[in-house]
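What's counted below: heavy atoms across the whole structure, side chains too, no hydrogens, waters or symmetry copies. Counting begins at 1 with the first residue of the sequence. Nothing here was measured: the structure is a model prediction, and the numbers come from that model.
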Amino acid sequence: MVIGHDIAGIREDAAGQASIDVVSPADGTVIGAVVAGGPADVDRAVAAAAGAFGTWSTTPMSQRIAHVEALAEGLARHRELLAATLSAEMGSPIAFARSAQVGVAIADLARLVEAARAHVEREAVSNSLVVAEPVGVVAAITPWNFPLHQIMLKVGAAILAGCTVVLKPSEVAPLNAAIVGDILRETGLPAGVVNIVHGDGAGVGSPLVAHPGVDMVTFTGSRQVGEQVARAAAATIKKVALELGGKSAAIVLDDAPLDESVRGVLASCFANAGQTCAAQTRVLVPEGMREAWERAAVEAAAGWAPGDPRAEGTATGPVASALQRERVRSHIETAIAEGARVLTGGLDIVEPTAGGAYVQPTIFTDVTPDMRIFHEEVFGPVLTITPYATVDEAVDLANDSVYGLSGGVWSSDPRRALEVALRMRTGTVGINGAGLDVGAPFGGYKQSGVGRECGVHGFEEFLELKSVMGAAALLDDHS
């Protein structure tokens with residue numbers, strides 16, 4: 001069966017329309033299909049969102065919160081279905097899908113609800129009454145690596161802010177979005193508040209970003225596509241939030257615990273088959289620790305051997321598609337050609353399940369800043385090791401990137417780690433393995449994007465500020 005669009009609260013009939021197959025990366029089989037939308041579908045979805053905006057934007061915050069809490073309850077109720085769907089369509093190991101893919105999405109909504117409850121809509125600033133208002137109709141374009149998490153960060157925050165949404169999920173992993181559409185209908189969300197249009201970038205993404213009825217675009221994906229989105233949105237001066245790529249560095253200081261730093265860095269790099277925008281894929285190690293760190297890393301990498309994503313004990317599943325596998329392998333080939341030395345992994349084919357898009361978790365050493373692997377995002381389970389002589393050199397190496405999304409510092413002294421973390425030009429830094437905090441702002445410096453997601457700051461991305469000058473004294477009349 002081909003899944004149709006969700007527009008104005010109705011799942012549309014897709015019979016007889018062009019469709020896009022959804023292929024399991026575990027074995028290459030077709031597991032579903034979605035309709036291949038086009039500009040006319042975008043027009044209808046934007047019209048539905050615009051039509052719903054007037055009522056939804058004036059709906060009391062308490063009612064918006066109730067709808068989002070009902071959405072979170074729906075995700076929890078359908079956790080197993082969502083986890084199995086995510087595992088099937090993008091290859092995430094089932095245990096990881098259950099805890100990280102679905103669990104984090106539920107946590108996202110909880111923190112956004114906290115932000116909405118604490119939100120002050122009107123305040124006196126100088127001699128003005130400053131009012132925070134919803135930005136309008138939001139185009140949300142989400143990726144395939146953490147699809148549900150990204151849908152919740154965008155859709156959840158937008159509707160709490162009073163916006164209406166047209167969501168374009170990734171055509172690689174769209175089935176979880178269809179389940180979200182079902183849950184939203186179960187919860188009784190008013191028609192047109194959230195609309196889902198399936199399709200690829202050319203058919204749906206481009207006309208959605210350029211649509212004059214869209215007031216804001218929030219996009220997560222590659223840096224190259226992010227640039228295209230920003231250019232297209234600029235034609236109508238839309239507000240844009242971009243969460244793009246990364247080439248994040250982990251700095252291991254000379255007093256760092258060896259085994260803990262190895263386990264933590266490998267978990268950051270190899271989880272979700274390396275398909276995490278904030279993955280720490282460059283590790284900078286003191287020259288004196290290098291040999292010991294490399295030995296420990298090779299030993300620990302054995303625990304990340306690829307396996308069937310449907311099995312509970314699997315740590316690393318396939319990458320999301322055969323195309324992504326070839327992209328990752330191309331990066332590995334280039335690194336070898338440029339002189340990087342393989343410690344483990346590499347180009348040998350592994351197929352825990354026949355026909356799967358698997359890549360061996362790979363660790364390179366002897367990686368220098370003149371190599372492409374040092375700078376280019378691989379988006380696969382590939383770690384590079386680069387030695388350094390001084391902490392200043394380590395910080396310079398970490399900051400030697402067009403990206404600035406994440407990073408890490410390891411030390412037995414947390415205060416020393418903090419001093420180094422504050423020198424890194426990146427949107428988030430984890431000390432001694434601290435991971436994503438969905439209550440804190442997440443986003444990047446430099447070419448990793450603009451804007452923030454998660455918590456208060458993610459909620460506020462979907463607001464505009466109006467200053468009513470001379471009205472500060474009237475605040476109590478309209479509080």
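Between the side chain of K168 and the main chain of G199, a donor-acceptor pair closer than 3.5 Å is present. The backbone N or O of L323 sits nowhere less than 3.5 Å from a side-chain atom of E326 that would complete a donor-acceptor pair. The backbone N or O of Q360 lies less than 3.5 Å from a partner atom in the side chain of T362, making a donor-acceptor pair. A donor-acceptor pair is defined here as one N or O able to donate and one able to accept, closer than 3.5 Å; no such pair exists between the side chain of S268 and the backbone of G264. Put simply, the side chain of S57 gets close to the backbone of G54: a donor and an acceptor are under 3.5 Å apart. Remark: side-chain polar atoms of N272 are not paired, donor with acceptor, to backbone N or O of F146 under 3.5 angstrom. In terms of modelled atom types and a separation under 3.5 Å, the side chain of D21 and the main chain of A33 share no donor-acceptor contact. A distance-only check finds no donor-acceptor pair linking the side chain of R282 to the backbone of L383 [under 3.5 Å]. Side-chain N or O atoms of T428 include one that pairs as donor or acceptor with a backbone N or O of L405 at under 3.5 Å. No side-chain donor-acceptor contact under 3.5 Å links D476 to the backbone of A473.
The shortest side-chain heavy-atom distance between C277 and L244 does not fall under the 4.5 Å cut-off. Using a 4.5 Å cut-off on side-chain heavy atoms (C-beta onward), V138 and V214 make no contact. Annotation: side chain of P318 is not in contact with side chain of Q324 (no heavy-atom distance under 4.5 Å). V166 places a side-chain heavy atom less than 4.5 Å from the side chain of V197. By the 4.5 Å heavy-atom criterion applied to side chains, D41 and V204 are not counted as neighbours. Looking only at side-chain heavy atoms (C-beta outward), V225 and F219 come within less than 4.5 Å of each other. Side-chain contact between R11 and R185: present, with at least one pair of heavy atoms (C-beta onward) separated by less than 4.5 Å. Looking only at side-chain heavy atoms (C-beta outward), S19 and V35 stay at 4.5 Å or farther from each other.
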Could you pull out every donor-acceptor pair under 3.5 Å between side chains of residues 105-116 and any protein atom, sequence neighbours left out?
residue: D108; atom: OD2; partner: H149; partner atom: ND1; Å: 2.5
residue: R111; atom: NH1; partner: E114; partner atom: OE2; Å: 3.3

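Side chain to side chain, T353 and Y358 meet the donor-acceptor criterion of an N or O pair below 3.5 Å. Side-chain atoms of K154 and T220 include a donor-acceptor pair closer than 3.5 Å. Judged purely by distance below 3.5 Å, without hydrogens or angles, the side chains of N145 and Q150 never pair a donor atom with an acceptor atom. Looking at E260 and N432, their side chains never bring a donor and an acceptor atom within 3.5 Å of each other. Counting only N and O atoms by type, the side chains of S248 and Q280 include no donor and acceptor under 3.5 Å apart. T29 and S24 share no side-chain donor-acceptor pair at under 3.5 Å. Residues T236 and K238 bring a donor and an acceptor atom of their side chains to less than 3.5 Å of each other.
Heavy atoms of other residues, nucleotides or ligands lying less than 6.0 angstrom from CZ of R425 number 12 at most. Atom NE2 of H457 sits in a sparse spot, with 12 or fewer heavy atoms from other residues, nucleotides or ligands closer than 6.0 Å. The neighbour count for R231 CZ, taken as heavy atoms of other residues, nucleotides or ligands under 6.0 Å away, does not exceed 12.
What you find for D200 and I20 is that their closest heavy atoms are N-CD1, 4.0 Å. Scanning both residues, G407 and M424, for their nearest heavy atoms gives CA-CE, 4.1 Å. Minimum heavy-atom separation, D215 to G136: OD2-CA, 3.4 Å. When all heavy atoms of P207 and G201 are compared, the pair lying nearest together is CD-O, 4.4 Å. Contact detail for A271 and T276: the closest heavy-atom pair is O-OG1, 3.6 Å. The shortest heavy-atom contact between L208 and V42 is CA-CG1, 3.7 Å.
E80 and R98 are joined by a salt bridge, as a carboxylate oxygen and a charged side-chain nitrogen come within less than 4.0 angstrom of each other. In this structure, R117 pairs ionically with E69, as a charged nitrogen and a carboxylate oxygen lie closer than 4.0 Å. Using a cut-off of 4.0 Å between Lys/Arg side-chain N and Asp/Glu carboxylate O, E377 and R223 are scored as not salt-bridged. One finds no salt bridge joining E464 and K239 here, because no Lys/Arg side-chain nitrogen approaches an Asp/Glu carboxylate oxygen to under 4.0 Å. Using a cut-off of 4.0 Å between Lys/Arg side-chain N and Asp/Glu carboxylate O, R122 and E133 are scored as not salt-bridged.
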Quiz prompt | side-chain contact (heavy atoms from CB on, under 4.5 Å) between V68 and I159, intermediate numbers included | solution = CA-CA 8 Å; V68 172; I159 63 177; 3.8 Å; yes
Quiz item: side-chain contact (heavy atoms from CB on, under 4.5 Å) between I31 and L175: does it pass, once the steps are laid out?
Solution: CA-CA 10 Å; I31 58 172; L175 303 181; 4.2 Å; yes
Practice problem: For T164 and V194, run side-chain contact (heavy atoms from CB on, under 4.5 Å): C-alpha distance rounded to whole Å, both residues' side-chain angles, the deciding distance at 0.1 Å, then the answer. | Solution: CA-CA 6 Å; T164 54; V194 176; over 6 Å; no
Exercise. Evaluate side-chain contact (heavy atoms from CB on, under 4.5 Å) for F459 paired with L160, printing each intermediate quantity in order.
Key: CA-CA 8 Å; F459 167 77; L160 282 169; 3.9 Å; yes
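Rounding to the nearest 0.5 Å places CD of E123 at 9.0 Å from CG of L129. Within the model, atoms OH of Y403 and OG1 of T426 stand 12.5 Å from one another, a figure rounded to the nearest 0.5 Å. Rounding to the nearest 0.5 angstrom, the gap separating the CZ atom in R329 from the NE2 atom in H331 is 13.0 Å. Separating the CD atom in E453 from the CG atom in L242 is a distance of 10.0 Å, to the nearest 0.5 Å. A distance of 11.5 Å separates OG in S87 from CZ in F96, rounded to the nearest 0.5 Å. For the atom pair CG of L86 and CD1 of I94, the computed distance is 8.5 Å after rounding to the nearest 0.5 Å.
Note on ring orientation: taking the six-membered ring where Trp is involved, the planes of H198 and H5 are parallel (angle under 30°, cut-offs 30° and 60°).
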